[in-house]
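Comments concern the structure below.
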Amino acid sequence: MSDHPINPLNEELRKLKEIPIFKPDQHLLELLKASPRKRFPYIAVQGLVQPDGEPLASEFVPRRFGVVQKISEEEHWEYWNSLTKTWDSRSTNRKQTNHTVPFSLVALGGHTMGHTTPGGHDGVGDVYVKVQNPLEATSLDLDRVHRLRHAAEGGVSDAILEDLSGERVVAKAESEELLRVGATVTGFGELVLEADAGAGGRVMRLQAPQDGRPFILAPTDYKSYVAWHDSSASLWKMLAVACGAVGTTVLAGTIYDFLKKLYRP
């Protein structure tokens, strides 16, 4: 029996490599049509993001478009600590708004420009995979396209109120993140064939699996996503040998979070 602790990330990596990977093309469509119940319970699809209609325009960056948008606003406050006689800082009043538009994954070089807008399908002759409820997916790290922190503005009346309440706003921060049009995404989930008469039964849909497995939208290609998990498993093994079996579950979680920040796809 080995003295080394069991690496839980190795099992995750093994399962990941067993998942069949496809492109959103005619070959996948024919396989899906021939499958029982016209569905695959769990597969991976790698493609380029294209909106099904009008995309979302960035609120801060000209000519930047996406299909998922997150805008965050946060106030940074200081409050008077009567014990230390200093102003201590804290963040509060955080607000986040999410917006999405219907979008699909298309193959590189496929027919994706059905309109004169920055994206869209013409619905005729295209083969693509529609993504359902993207905000339900995990690993959806968006591209930060805007971040700004600026000092709070205030007059004499605000200063008086601050002295009375012992609190004051010192800065405000805003940021915007997008899943950009044209980005490479690898989706893991259930694939079904839609009964769409207008498209001749050619529309495939990727959605959350019914068997409880995770619905994943990774903003990277399949090879890079697997390499990222492989790095997690290798680093876990090296540190687990050094640390012993104590706290291996915590160690696995720490490594996972560390690599997610370091190699964020």
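Sorted by first and then second residue, the salt bridge (charged side-chain N to carboxylate O under 4.0 Å, His left out) pairs involving residues 207-216 (not counting sequence neighbours) are D211-R213.
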Q | side chain to side chain contact (heavy atoms under 4.5 Å, CB included) between M204 and K130, intermediate numbers included | A | CA-CA 6 Å; M204 299 176 281; K130 297 177 65 174; over 6 Å; no
Q: Determine, step by step, whether F188 and I19 satisfy the side chain to side chain contact (heavy atoms under 4.5 Å, CB included) criterion, reporting the C-alpha distance in whole Å, the side-chain angles of both residues, the deciding distance to 0.1 Å, and the verdict.
A: CA-CA 9 Å; F188 298 81; I19 300 170; 3.9 Å; yes
Q: Step by step, work out the side chain to side chain contact (heavy atoms under 4.5 Å, CB included) result for E59 and Q69.
A: CA-CA 10 Å; E59 292 192 8; Q69 179 188 57; 4.1 Å; yes
Q | Trace of the side chain to side chain contact (heavy atoms under 4.5 Å, CB included) decision for E74 with K172 | A | CA-CA 6 Å; E74 187 174 51; K172 296 182 179 181; over 6 Å; no
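A 4.5 Å side-chain heavy-atom check between L48 and L108 finds at least one atom pair inside the cut-off. L148 has its side chain out of reach of F60: every pair of non-hydrogen atoms, C-beta onward, lies at least 4.5 Å apart. Side-chain contact between P134 and L179 is absent, with no heavy atoms from C-beta onward closer than 4.5 Å. Side-chain contact between E177 and V145 is absent, with no heavy-atom pair separated by less than 4.5 Å. Using a 4.5 Å heavy-atom threshold, the side chains of L29 and L193 count as touching. In this structure, F215 and L206 have side chains that are in contact, with non-hydrogen atoms separated by less than 4.5 Å. Counting heavy atoms from C-beta on, the side chains of L16 and Y225 come closer than 4.5 Å.
V131 and V192 end up in different hydrophobic clusters when Ile, Leu, Val, Met, Phe, Trp and Tyr side chains are linked at under 4.5 Å. In the hydrophobic clustering of this structure, V45 groups with V67; members are Ile, Leu, Val, Met, Phe, Trp, Tyr whose side-chain heavy atoms approach within less than 4.5 Å, directly or through other members. Both V185 and F22 are part of a single hydrophobic cluster, where members link through side-chain heavy atoms under 4.5 Å apart. F65 and I71 are not part of a single hydrophobic cluster, where members link through side-chain heavy atoms under 4.5 Å apart. If you chain together hydrophobic residues whose side chains sit under 4.5 Å apart, L140 and V129 fall into the same group.
For E176, there are no salt bridge (charged side-chain N to carboxylate O under 4.0 Å, His left out) partners two or more places apart in sequence or in a different chain. Legend: residues meeting side chain to side chain donor-acceptor pair (under 3.5 Å) with Q26, ordered by chain and number and at least two apart, are E30, R202. For R147, the side chain to side chain contact (heavy atoms under 4.5 Å, CB included) partners two or more places apart in sequence, or in a different chain, are R144, S175. In terms of the salt bridge (charged side-chain N to carboxylate O under 4.0 Å, His left out) criterion, R64 has no residue partners (sequence neighbours excluded). Partners of P102 under the side chain to side chain contact (heavy atoms under 4.5 Å, CB included) rule, at least two apart in sequence or in another chain, are D52. Qualifying ring pair (Phe, Tyr, Trp, His ring centres under 6.0 Å) partners for H27, counting only residues two or more places apart in sequence or in other chains: none. Not counting sequence neighbours, the partners of Q96 by the side chain to side chain contact (heavy atoms under 4.5 Å, CB included) test are K70, S72, R94, N98. Contacts of T97 classified as side chain to side chain donor-acceptor pair (under 3.5 Å), with partners at least two apart in sequence or in another chain: none. Applying the side chain to side chain contact (heavy atoms under 4.5 Å, CB included) rule to Q46 yields the partners I21, T184, T186, D221, Y222; only residues at least two apart in sequence or on another chain are considered.
We find the CG-OG1 distance between N133 and T100 to be 8.0 Å, quoted to the nearest 0.5 Å. Interatomic distance, CG of L135 versus OG1 of T138, reported as 12.5 Å (0.5 Å rounding).
Contact record, A107 with P24: N-CG, 3.4 Å, taken as the closest heavy-atom pair. Listed here is the closest heavy atom pair of P55 and V101: CA-CG2, 4.3 Å. Across every non-hydrogen atom of Q50 and V106, the tightest pair is CG-CG2, 3.7 Å.
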Using residues 35-44 as the side-chain source, report each donor-acceptor pair under 3.5 Å to any protein atom, sequence neighbours left out, with the distance given to one decimal.
from, atom 1, to, atom 2, distance (Å)
S35, OG, L32, O, 2.7
S35, OG, R39, N, 3.3
K38, NZ, K33, O, 3.3
R39, NE, E190, OE2, 2.9
R39, NH2, E190, OE2, 2.2
Y42, OH, P214, O, 2.6

